Amino acid sequence: MSVRVRFAPSPTGHLHVGGARTALFNWLLARQAGGTLILRIEDTDRERSADSMTRGIIEALEWMGLDWDEGPIRQSERLDRHRAVADALLETGHAYRCFCSPEELARRRRAGSGTTGEWTYDRRCLSLSVDAVAARMASGRPAAIRFRVPEGAVGFEDAVFGQIRKRGEELEDFVLVRSTGEPTYLLGVVADDLDMAVSHVVRGADHISNTPKQLLLYRALGRTPPVFAHVPLILGPDRTRLSKRHGAAAVLAYRDAGILPEALVNFLALLGWSDGTDREIFDRASLIDAFSLGGVSRSNAVFDGDKLSWFNGRYIHSLPAAELAVRVAPVMRGAGVWEDRFEAADRGWLEQLLATIRPRFRSLDALAAEVGTYAGEDIDYEQAAVEKFFNDPSLAEYLPALAERLENIERFDLESTESALRTLAGELGTRAGLLINASRVALTGKSVAPGIFDVMVILGREKTVRRLRASIARISLS
RNA sequence: GGCCCCAUCGUCUAGUCGGUCUAGGACGUAGCCCUCUCAAGGCUAAAACACGGGUUCGAGUCCCGUUGGGGCUACCA
């Protein structure tokens, strides 16, 4: 049997990391089996669904590199089909019309929810005679269609949670079609999964409790249900389900915060799944290779932004410099540090710069912002750096001397600049460290930067000499 | 409230048929090394089997209960 899975988000909000992980697991399963991934938008609640959300979800999936083979299919385009399924259920006696209005139900619910807990639908309309139903329909009274929950237990073997059972008596006669004629989610999923020949339903564990209802529908329809695999939920730091309340839970917010998609994918894969080894770094291909539903955890996981950040650092540090340049380019544009010369003539220089400064960064944002320090003409001097490394009066003498040496050495590379500086320090009878740290402030305006000779080489002789000389004015100010 | 599910370091997790598990790895934290700063990298440390009963020669691993957490309980998805 071929693997046909689906990712079925509802466009009532942004794609958050929980949904993204569900999408990832589905994608992994499909790719691993050479199967099919269907993207289905569950927008049967027209009140809460928004097209902009659908676009955002698609944008997020594309950014993560999770491609689908069929769809996007909007559930709202299949309403007639859903209604036909409901009619069939009506026909076979598995469903019935209910004329109780939502307001009336709310009233009864309030009155009925006494000591023994929740009120469930009392099946008032189930006992209506055929004539009574016909009369109400003729009078144009709106009717919902409810599923008639049969007696007995329902159970299924979940691919990650194992055996799950529920007694039918605990289920109420749920609504299949609203009195407005709109089918509900419960009917929609079953009808769609059936029509789309879905073989594995992989979704969040918040759907476990609804699965028995869906199973009843499959049974009433005389069809074999797919394999169900529920994945544990991702929790916020407060241990409740991730939502907008938890700030940046949206996938696109991570993209905008300078997170690389491969880092998010790698991190998410390991949140709730393990291959049983100590391995932490997985690229797409090895994830496809190693993933299995059996390795999915049964307990919920707290989202740890620090660890995501660590993964992001790993990828920023290890991506080929040329590739990294491609990724930061848009971020640099956003930060206003992009220059056209980076597109052509100075592409190599940009790549070299990125490779030099990246060990200090864990996000594309911070990395991009730093480019300006090296590529721009002017630099800002950080007060703290000036106070810490630019406070020796003799620097007013040393720095011009260093500038002069550097201006005249034959070659200008790592070895020559270092030997020039150390030789000068020796001649001046001072520590090389004094010159080095002061040079750092003079060349970058900061107390934190790559090795000073890397800085000199990346800046080039001319800019190095110029900044060294220009910086002297700052000494007296400190 | 009812029902369902879950339970190993602060966090993510490994833990084969119950037997060197004095519980392993990673993030984070602390220290050390490297060193021109800060990172990166390397090394080290502190840090967990929720609790109580069973079963067993032996339980983190099986069973029951308690506690804790999460989910569902809509004419939401």
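Below, chains carry the letters A, B, ... as their sequence lines are ordered, and counting in each starts from 1. What you are looking at is a predicted structure, and each value in this text was computed from that prediction instead of being measured.
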Cation-pi check, R284(A) onto F282(A) ring (under 6.0 Å, within 45° of axis): no

Should R431(A) be listed as having a side-chain N or O under 4.0 Å from OP1 or OP2 of U35(B)? no

Identity of whatever pairs with U35(B) - Watson-Crick or G-U, under 3.5 angstrom: none

Polar side chain donor-acceptor pair, D275(A) to T277(A), under 3.5 angstrom: yes

For S101(A), which contact category applies under a 4.0 Å heavy-atom criterion: base, sugar-phosphate, or nothing? base

Would you mind classifying the nucleic acid contact of P212(A) as base, sugar-phosphate or nothing, using non-hydrogen atoms under 4.0 angstrom? nothing

Determine, for nucleotides 3-16 of chain B in 5'-to-3' order, which nucleotides have protein heavy atoms under 4.0 Å from the base (write B), from only the sugar-phosphate (write S), or from neither (write -). SSSSS---BBSS--

What is the pairing partner of G1(B), taking Watson-Crick or G-U wobble pairs with both distances under 3.5 Å in any strand? U73(B)

Would you give me the side-chain donor-acceptor pairs under 3.5 Å for residues 431-439 of chain A, sequence neighbours excluded?
unit_1: N437(A); atom_1: OD1; unit_2: R440(A); atom_2: NH1; d: 3.1
unit_1: N437(A); atom_1: ND2; unit_2: G433(A); atom_2: O; d: 3.3
unit_1: S439(A); atom_1: OG; unit_2: L435(A); atom_2: O; d: 2.6

Only one of R97(A), R123(A), R148(A) passes salt bridge (charged side-chain N to carboxylate O under 4.0 Å, His left out) with D173(A); say which it is. R123(A)

Whole-Å distance separating the CD atom of E382(A) from the C1' atom of C38(B): 11 Å

Results of ring pair (Phe, Tyr, Trp, His ring centres under 6.0 Å) for H207(A) - residues two or more places apart only: Y185(A)

Give each protein N/O atom lying under 3.5 Å from an N/O atom of nucleotides 40-45 of chain B, with the pair distance.
unit_1: A40(B); atom_1: O4'; unit_2: P359(A); atom_2: O; d: 3.4

What is the nucleic acid contact for H230(A), judged by heavy atoms within less than 4.0 Å: base, sugar-phosphate only, or nothing? nothing

Examine C72(B): is either OP1 or OP2 under 4.0 Å from a nitrogen or oxygen in the side chain of R203(A)? Give yes or no. no

Salt bridge D380(A)-K446(A), side-chain N to carboxylate O under 4.0 Å: no

Have a look at L233(A) and say if it touches a base, only the backbone sugar-phosphate, or nothing, with a 4.0 Å heavy-atom cut-off. sugar-phosphate

Mapping G451(A) and Y185(A) to their closest nucleotides on RNA chain B, which lands nearer the 5' end? G451(A)

Distance-only donor-acceptor hits, side chain of residues 448-459 of chain A, under 3.5 Å, sequence neighbours excluded:
none

Go ahead and name the base partner of A26(B); Watson-Crick or wobble counts if both distances stay under 3.5 Å, otherwise write none. U11(B)

Check the side chains of H82(A) and D192(A) for a donor-acceptor pair under 3.5 angstrom, ignoring hydrogens and angles. yes

Regarding N437(A), tell me which of base, sugar-phosphate or nothing describes its non-hydrogen contacts under 4.0 Å with the strands shown. sugar-phosphate

Need one value for E182(A): base, sugar-phosphate or nothing, where a base atom within 4.0 Å counts as base even if backbone is also close, heavy atoms only. nothing

Partners passing ring pair (Phe, Tyr, Trp, His ring centres under 6.0 Å) against Y96(A) (at least two apart in sequence or in another chain): none

Would you mind classifying the nucleic acid contact of L171(A) as base, sugar-phosphate or nothing, using non-hydrogen atoms under 4.0 angstrom? nothing

Relative to the 5' end of RNA chain B, which residue comes earlier, L186(A) or E418(A), by the nucleotide with the nearest heavy atom? E418(A)

